[in-house]
Amino acid sequence: MITPDNYKEYNKKLATATPEKIITTVLEQSARPVVTTNFRPYEVAILHAVATVNKQVPVIWCDTGYNTRETYKHAIYVVQKLGLDVTTYVPKLTTAYRDVVMGIPGVDDPRHKEFTRQVKLEPFQRAMRHFKPDVWFTNLRAGQTAFRDSIDILSYSSDGILKVSPFYHATDAQLDQYLEIHDLQNEFKYFDPTKVESNRECGLHGS
């Protein structure tokens with residue numbers, strides 16, 4: 001049984017395992033798993049991998065409201081292609097209203113923290129309260145941010161949820177190969193209004 005006391009040992013055991021093996025191992029011990037997505041580049045890989053093992057795992061999409069037209073079209077494609085059960089969570093305020101009262105504050109703007117809370121953290125926390133997961137599948141990978149370099153395939157959130165990143169050690173080239181093998185489309189015109197810089201942590205995972 002994976003616990004906060006022994007998950008590092010499991011990381012050693014799973015270091016060379018396939019994503020499918022990692023997912024299967026965790027799901028055998030999970031009662032309430034979820035997978036989260038924002039349909040950014042390569043998200044289709046984690047969604048496909050989890051659905052291949054168990055298509056009944058709920059998919060949570062926290063839509064900031066600032067996605068590109070291409071991302072929304074890609075989301076529709078992925079959901080239909082994989083037959084996913086997706087629950088979408090959106091901010092309580094509309095993007096149009098926020099554009100008038102706040103806009104998109106820069107990272108040095110005092111309002112940026114509140115902006116991030118409104119468009120990303122609050123919808124995510126609402127989703128977690130509803131699903132109450134014990135396992136959270138993500139597509140975090142080494143080399144993306146300093147924080148992500150500090151974790152591993154398995155880690156624990158501050159709320160005690162087991163976070164599982166089956167592609168943690170995968171490179172872009174390896175993910176490209178995975179998508180080609182499984183005939184999956186990727187999409188790169190993605191916009192995260194809270195990050196500004198590509199190597200900056202998004203806000204959901206840095207705890």
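With contacts defined as side-chain heavy-atom distances shorter than 4.5 Å, the pair Y156/K163 does not qualify. Side chains of P166 and I46 form a contact here, defined as non-hydrogen atoms less than 4.5 Å apart. Between K81 and L184, some side-chain heavy-atom pair lies under the 4.5 Å cut-off. Under the 4.5 Å side-chain criterion, counting only non-hydrogen atoms from C-beta, I2 is in contact with L154. Between T64 and F191 there is no side-chain heavy-atom pair separated by less than 4.5 Å. By the 4.5 Å heavy-atom criterion applied to side chains, P33 and W136 are not counted as neighbours. With a 4.5 Å cut-off on side-chain heavy atoms, V35 and L47 count as touching. No side-chain heavy atom of T37 sits under 4.5 Å from any side-chain heavy atom of I60.
Neither side chain, D63 nor T88, offers a donor N or O lying under 3.5 Å from an acceptor on the other. A donor and an acceptor atom, one from each side chain of T138 and S165, are located under 3.5 Å apart. In this model, no donor atom of one side chain and acceptor atom of the other lie less than 3.5 Å apart for Y66 and D192. Checked by atom type, the side-chain pair Q118/E114 shows a donor-acceptor distance below 3.5 Å. Side chains of D159 and S157: no donor on one and acceptor on the other come within 3.5 Å.
Of the inter-residue distances, the one linking F115 atom CZ with K120 atom NZ reads 9.0 Å to the nearest 0.5 angstrom. Between the NZ atom of K12 and the CG atom of D152 there is a distance of 10.5 Å, given to the nearest 0.5 Å. Taken to the nearest 0.5 Å, the CG atom of D108 stands 9.5 Å off from the NE2 atom of H112. D172 contributes atom CG, which lies 13.0 Å from atom CD of Q177 (distance to the nearest 0.5 angstrom). Taking OH of Y168 as the reference point, atom CD1 of I151 lies at 5.5 Å (rounded to 0.5 Å). Expressed to the nearest 0.5 Å, how far CG of L84 lies from CD of Q56 amounts to 11.0 Å.
With respect to E70 and K73, no salt bridge is recorded, no charged nitrogen being found less than 4.0 Å from a carboxylate O. The pair K55-D85 fails the salt-bridge criterion, with no side-chain N (NZ, NE, NH1 or NH2) lying under 4.0 Å from an Asp/Glu carboxylate O.
A cation-pi arrangement is present between R141 and Y42, with the terminal nitrogen or guanidinium carbon under 6.0 Å from the aromatic centre and inside a 45° cone about the axis. Under the 6.0 Å distance and 45° angle rule, K13 counts as a cation-pi partner of Y10.
Closest approach of T36 to M128, counting heavy atoms only: CG2-CE, 4.3 Å. Scanning all heavy atoms of the two residues, the minimum distance from F124 to C62 falls at CA-SG, 3.5 Å. Between F137 and L27, the closest heavy-atom pair is CE1-CD2, 3.7 Å. Nearest heavy-atom pair, A49 versus F167, reported as atom, atom and distance to 0.1 Å: CB-CE1, 3.9 Å. Among all heavy-atom pairs drawn from P133 and I161, the shortest one is O-CG1, 3.7 Å. Listed here is the closest heavy atom pair of D134 and S30: OD1-OG, 3.0 Å.
In terms of modelled atom types and a separation under 3.5 Å, the side chain of E9 and the main chain of N6 share no donor-acceptor contact. No side-chain donor-acceptor contact under 3.5 Å links H169 to the backbone of A142. A donor-acceptor pair under 3.5 Å is formed between the side chain of R32 and the backbone N or O of K132. With hydrogens and angles disregarded, a donor-acceptor distance shorter than 3.5 Å links the side chain of R126 to the backbone of V90.
A ring-centre distance under 6.0 Å is not found for W61 and Y89. Between Y72 and F39, the ring centre distance reaches or exceeds 6.0 Å.
Screening T68, N38, N67, T71 against Y190 for a side-chain hydrogen bond (donor to acceptor under 3.5 Å, both in side chains) leaves a single residue, N38.
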For a side chain to side chain contact (heavy atoms under 4.5 Å, CB included) check, start with the C-alpha distance between V119 and R98, then their side-chain angles and the critical distance, and finish with the verdict.
CA-CA 10 Å; V119 305; R98 193 178 301 100; 3.5 Å; yes
What's the verdict on side chain to side chain contact (heavy atoms under 4.5 Å, CB included) for I153 and I22, showing C-alpha distance, side-chain angles and the deciding distance?
CA-CA 9 Å; I153 296 170; I22 295 168; 3.8 Å; yes
Quick one, H48 with T52, criterion side chain to side chain contact (heavy atoms under 4.5 Å, CB included). Give me CA distance, side-chain angles, the key distance, then yes/no.
CA-CA 6 Å; H48 174 270; T52 298; 3.3 Å; yes
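In terms of hydrophobic clustering, with Ile, Leu, Val, Met, Phe, Trp and Tyr side chains grouped at heavy-atom distances under 4.5 Å, M1 and L14 are assigned to different clusters. Residue V101 is grouped with residue I104 when hydrophobic side chains (ILVMFWY) are merged at heavy-atom distances under 4.5 angstrom, including chains of intermediate members. Hydrophobic clustering (ILVMFWY, side-chain heavy atoms < 4.5 Å, transitive): V53 and V79 are in one cluster.
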